[in-house]
Peer 1: 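Please see the structure below; I have some questions.
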Amino acid sequence: MRKSGVCPKCGSTEVLVGAELSDRGESNVRKPATVRVYTNPDALIFKGAKDANVSADVCMSCGFLEFYAANPGTLYAD
């Protein structure tokens, strides 16, 4: 949807690109939504968390969403 500008579900070209997602979390304070991976997921501590902010493309006709991680290469590093 981001590159084509066309919704893969309904075919609409009314697409909003890069909508900001936020997460209220446990403290009920808005913060950017993120995706997290660990470089050492089996460790008890010091798992090596790597985060990337997430944005969404939204079809304004049917509501279909696609999520995108900012700088996805940093999640795969190490």
Side-chain angles (χ1 to χ4, degrees):
M1 197 157 47
R2 182 159 284 190
K3 289 183 180 178
S4 69
V6 177
C7 175
K9 186 172 181 183
C10 74
S12 174
T13 56
E14 295 182 38
V15 175
L16 175 65
V17 175
E20 181 181 300
L21 298 175
S22 63
D23 177 17
R24 290 185 183 227
E26 296 164 4
S27 63
N28 210 20
V29 174
R30 286 184 181 260
K31 59 182 180 178
T34 60
V35 60
R36 174 174 282 179
V37 296
Y38 297 99
T39 57
N40 191 8
D42 296 328
L44 294 175
I45 57 173
F46 306 118
K47 293 179 180 280
K50 293 190 177 268
D51 297 324
N53 287 348
V54 177
S55 65
D57 293 358
V58 183
C59 175
M60 302 307 285
S61 293
C62 72
F64 181 76
L65 295 173
E66 279 186 352
F67 297 109
Y68 291 89
N71 302 316
T74 60
L75 297 173
Y76 193 68
D78 295 331

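If you're wondering where the values come from, they're calculated on a predicted model, not measured in any experiment. Below, all heavy atoms of this structure are taken into account, side chains as well, without hydrogens, waters or symmetry copies.
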Peer 1: Does Gly18 offer a backbone N or O that forms a donor-acceptor pair with the side chain of Asp57 under 3.5 Å?
Peer 2: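 A pair under 3.5 Å: yes.
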Peer 1: Does a side-chain heavy-atom distance below 4.5 Å link Cys7 with Ser61?
Peer 2: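 No. Closest side-chain heavy atoms not under 4.5 Å.
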Peer 1: So does Arg2 have more than 12 non-hydrogen atoms from other groups sitting under 6.0 Å from CZ?
Peer 2: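 Count over threshold, so yes.
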Peer 1: Under a single-linkage definition using a 4.5 Å side-chain heavy-atom cutoff for Ile, Leu, Val, Met, Phe, Trp and Tyr, are Val37 and Tyr68 assigned to the same hydrophobic cluster?
Peer 2: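 No, it is not one cluster - the side chains of Val37 and Tyr68 are not joined through contacts under 4.5 Å.
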Peer 1: Are Met1 and Val17 connected in the hydrophobic side-chain network, where two residues link if heavy atoms are under 4.5 Å apart?
Peer 2: yes
Peer 1: How many angstroms lie between OH in Tyr38 and CG in Asp51, if you round to the nearest 0.5 Å?
Peer 2: 8.0 Å
Peer 1: Give the intermediate values and the outcome of side chain to side chain contact (heavy atoms under 4.5 Å, CB included) for residues Thr39 and Lys50.
Peer 2: CA-CA 8 Å; Thr39 57; Lys50 293 190 177 268; 3.4 Å; yes
Peer 1: In Å, rounded to the nearest 0.5 Å, how long is the span from CD of Glu14 to SG of Cys59?
Peer 2: 7.5 Å
Peer 1: For a quick test of reading the model, state the closest non-hydrogen atom pair linking Val15 to Ser12 and the distance between them.
Peer 2: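 Smallest heavy-atom distance, with atoms named: CG2-O, 4.0 Å.
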Peer 1: Within the 4.5 Å heavy-atom criterion, are Cys10 and Phe64 side-chain neighbours or not?
Peer 2: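 No - every pair of side-chain heavy atoms lies 4.5 Å or more apart.
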Peer 1: State, to 0.1 Å, how close Val6 and Thr13 come at their nearest heavy-atom pair, and which atoms those are.
Peer 2: CG2-CG2, 4.1 Å
Peer 1: Can you find a pair of side-chain heavy atoms, one from Leu21 and one from Phe67, that are under 4.5 Å apart?
Peer 2: yes
Peer 1: Between Lys47 (side chain) and Pro41 (backbone), is there a donor-acceptor pair under 3.5 Å?
Peer 2: yes
